[in-house]
There are 2 protein chains.
Amino acid sequence: MIRMGNSKNIPDIVIGRLPIYLRALNLLLAEQREYTSSHELGERLGISSAQIRKDLSHFGEFGKQGTGYNIAYLQEQIRQILHVDREWPMAVVGAGDLGRALVHYRGFVPRGFRVVCVFDNDPARIGERIAGLTVQPMSELASQIAAHRVQVAMIAVPLEAAQEVATQLVEAGVEAILNYAPITISVPDSVQVQYIDPVAHLQHMTYYLTPKT
Amino acid sequence: MIRMGNSKNIPDIVIGRLPIYLRALNLLLAEQREYTSSHELGERLGISSAQIRKDLSHFGEFGKQGTGYNIAYLQEQIRQILHVDREWPMAVVGAGDLGRALVHYRGFVPRGFRVVCVFDNDPARIGERIAGLTVQPMSELASQIAAHRVQVAMIAVPLEAAQEVATQLVEAGVEAILNYAPITISVPDSVQVQYIDPVAHLQHMTYYLTPKT
DNA sequence: CTCGAAATGTGAATGCGTGAACAAGCCTAG
DNA sequence: CTAGGCTTGTTCACGCATTCACATTTCGAG
């Protein structure tokens with residue numbers, strides 16, 4: 001058995017760690033390294049080596065006993081598992097400060113994503129050019145998403161508008177949403193949703209802090 | 001026994017959900033609602049009602065049988081638990097697109113945080129004014145953080161610089177770091193660290209997607 | 001005043017994820 | 001060629017988190 005089926009029911013928490021492993025492998029490659037071990041990876045990431053080995057074993061046998069993992073090979077395997085051995089076109093909704101920062105961000109392309117269209121409902125912003133893209137009105141959303149075969153979108157609008165935008169995105173065929181608005185949105189089960197809320201992280205940390213002032 | 005001690009060893013994962021509950025309570029308050037139930041909260045957040053009740057029970061008894069939770073009261077209790085019944089001054093390191101977006105962000109103050117200083121090492125950016133703040137050189141970091149009693153910082157620099165910045169922040173006395181650079185940083189155990197990596201979230205979702213093109 | 005519906009807080013049970021430990025395999029040195 | 005050290009993949013046991021289920025309390029209708 002060279003390769004286990006990847007259609008098995010892998011725990012979602014394991015999937016969530018794969019991008020972290022991928023990040024570490026990118027760095028190791030940049031350091032011109034050729035091999036690494038579960039121990040070294042765990043050391044760098046603050047994760048136990050046993051967990052890393054077990055996580056990877058869900059998808060196949062990528063290492064060699066006594067030697068460890070070939071970095072380039074493992075990186076490529078994880079990229080295939082996560083389907084980022086290609087470039088996903090993305091839509092950004094909201095051209096405020098955050099939306100603009102997302103369009104400008106150079107970190108997407110090297111890791112498998114590219115912003116291909118930006119939308120806003122503010123007439124003052126429509127037509128504005130950001131990093132080579134033109135801000136489009138919401139009325140163009142459905143057609144643009146279809147034209148660019150967009151399956152992934154990011155929501156960068158005020159929280160009052162987030163649910164409505166999410167609904168429109170789903171109707172336009174988007175299957176994965178990264179929501180920056182601090183609100184839990186309601187979408188069909190078939191649509192993937194992830195959240196980024198910096199304040200939630202900050203509040204998580206202040207629990208452990210003693211105010212100085 | 002009216003109130004349980006909060007010095008007990010509460011699971012970290014429970015702490016991580018409290019900000020989400022707080023978010024939902026803010027919304028309910030904005031809707032002029034007075035009472036809610038664990039069932040309603042769970043409905044809105046996609047969490048089981050039992051989990052919400054059990055999470056809250058770690059800290060005391062905040063609800064009333066038959067009635068549910070008084071929204072304003074529960075909100076205030078959670079704010080106290082998380083220590084956000086005050087305003088935490090924050091430092092931002094990195095005045096690129098992301099750093100600027102963070103300084104402009106209006107969502108911090110209503111939830112207990114305020115950016116009070118911004119740093120960068122690029123001479124072209126130093127002196128620039130962002131939302132009323134002046135970008136300062138890294139050489140000012142230690143003194144400014146001391147002067148403003150800053151305990152919380154956000155790292156918004158390229159990944160190559162992130163570890164060095166983290167080290168400087170810790171030396172300056174920062175106790176909690178929200179790191180936007182896609183790299184696991186090394187700090188003393190006494191320092192809280194949280195990560196925001198949009199690409200990791202995106203890659204997590206594409207695992208479940210079938211490429212269209 | 002009484003009854004029923006509703007909702008909490010919690011002990012018990014289930015399920016899942018993590019870490020320890022080991023057999024098996026690989027490489028290098030001598 | 002052999003021996004020893006290193007590392008993987010996997011099994012097992014433990015512990016933690018989640019869900020179930022219920023006794024208890026509250027409110028409102030009649």
Side-chain angles (χ1 to χ4, degrees), chain A residues 1-6 8-18 20-21 24-25 28 33-75 77-78 81 204 207, chain B residues 1-6 8-18 20-21 24-25 28 33-75 77-78 81 204 207:
Chain A
M1 176 182 61
I2 300 292
R3 186 72 185 289
M4 273 184 42
N6 67 351
K8 297 302 241 169
N9 210 18
I10 316 276
D12 184 66
I13 194 167
V14 172
I15 307 300
R17 280 192 292 264
L18 294 184
I20 308 303
Y21 301 160
L25 293 169
L28 286 165
R33 295 280 308 285
E34 194 172 357
Y35 282 88
T36 187
S37 65
S38 59
H39 184 75
E40 182 184 40
L41 276 174
E43 193 76 23
R44 292 201 180 203
L45 299 175
I47 294 177
S48 83
S49 61
Q51 177 148 89
I52 293 176
R53 292 197 301 278
K54 172 160 293 207
D55 283 353
L56 296 177
S57 76
H58 283 101
F59 305 96
E61 308 193 352
F62 304 123
K64 221 186 301 184
Q65 282 137 329
T67 308
Y69 300 93
N70 178 292
I71 295 171
Y73 176 73
L74 182 56
Q75 185 203 41
Q77 293 302 309
I78 296 182
I81 293 166
H204 187 160
Y207 171 79
Chain B
M1 178 182 62
I2 301 294
R3 184 73 184 288
M4 273 183 43
N6 68 348
K8 296 303 240 169
N9 211 18
I10 316 277
D12 184 67
I13 194 166
V14 172
I15 307 300
R17 279 192 292 263
L18 294 184
I20 308 304
Y21 300 161
L25 293 170
L28 286 165
R33 297 279 308 284
E34 193 172 357
Y35 282 88
T36 187
S37 65
S38 60
H39 184 75
E40 183 185 39
L41 277 174
E43 193 76 22
R44 293 201 178 202
L45 299 175
I47 294 177
S48 82
S49 61
Q51 177 148 89
I52 292 175
R53 290 198 303 276
K54 176 153 291 207
D55 284 352
L56 295 178
S57 76
H58 283 101
F59 305 95
E61 308 195 352
F62 304 123
K64 221 188 303 185
Q65 283 139 327
T67 307
Y69 301 93
N70 178 293
I71 296 171
Y73 176 73
L74 182 56
Q75 184 203 43
Q77 293 301 309
I78 297 182
I81 293 166
H204 187 159
Y207 170 80

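Computation of the quantities below employed the complete heavy-atom set of this structure, encompassing side-chain atoms and omitting hydrogens, waters and symmetry-equivalent molecules. First the proteins, then the strands, lettered A, B, ... as listed; each starts at 1. Since the model is a prediction, treat every value here as computed from it, not as a measurement.
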Spacing of [X] atom [atom1] relative to [N] atom [atom2], expressed in whole Å:
X       : N      : atom1 : atom2 : result
B:Phe62 : C:dT10 : CZ    : P     : 11 Å
A:Tyr73 : D:dT8  : OH    : P     : 15 Å
B:Ile15 : D:dA17 : CD1   : P     : 11 Å
B:Asp12 : C:dG17 : CG    : C1'   : 16 Å
A:Tyr69 : C:dG25 : OH    : C1'   : 14 Å
B:Asn9  : D:dC16 : CG    : C1'   : 12 Å
A:Gln65 : D:dT7  : CD    : P     : 12 Å
B:Ile10 : D:dC16 : CD1   : P     : 14 Å

Shortest non-hydrogen contact from A:Lys54 to A:His58? O-ND1, 3.1 Å
Indicate the atoms forming the closest heavy-atom contact of B:Tyr35 with B:Glu40, along with that distance. O-OE1, 4.3 Å
First of A:Arg17 and A:Thr67 reached from the 5' end of DNA chain C, by closest nucleotide: A:Arg17
For the pair B:Ile78 and B:Leu56, evaluate side-chain contact (heavy atoms from CB on, under 4.5 Å) and give the outcome as yes or no after the intermediate values. CA-CA 9 Å; B:Ile78 297 182; B:Leu56 295 178; 4.2 Å; yes
Nearest-0.5 Å distance that lies between atom [atom1] in [X] and atom [atom2] in [Y]:
X        : Y       : atom1 : atom2 : result
A:His204 : B:Asp12 : NE2   : CG    : 3.5 Å
B:Leu74  : B:Thr36 : CG    : OG1   : 9.0 Å
B:Ser37  : B:Ile52 : OG    : CD1   : 8.5 Å

Interface with DNA chain D, restricted to residues 43-56 of chain A and to heavy atoms under 4.0 Å: A:Arg53, A:Lys54
Below 4.0 angstrom from OP1 or OP2 of C:dG25, is there any side-chain N or O of A:Lys64? no
Between B:Val14 and A:Tyr207, is any pair of side-chain heavy atoms under 4.5 Å apart? no
Counting side-chain heavy atoms from CB outward, which of C:dA7, D:dT8, C:dT10 is closest to A:Ser37? D:dT8
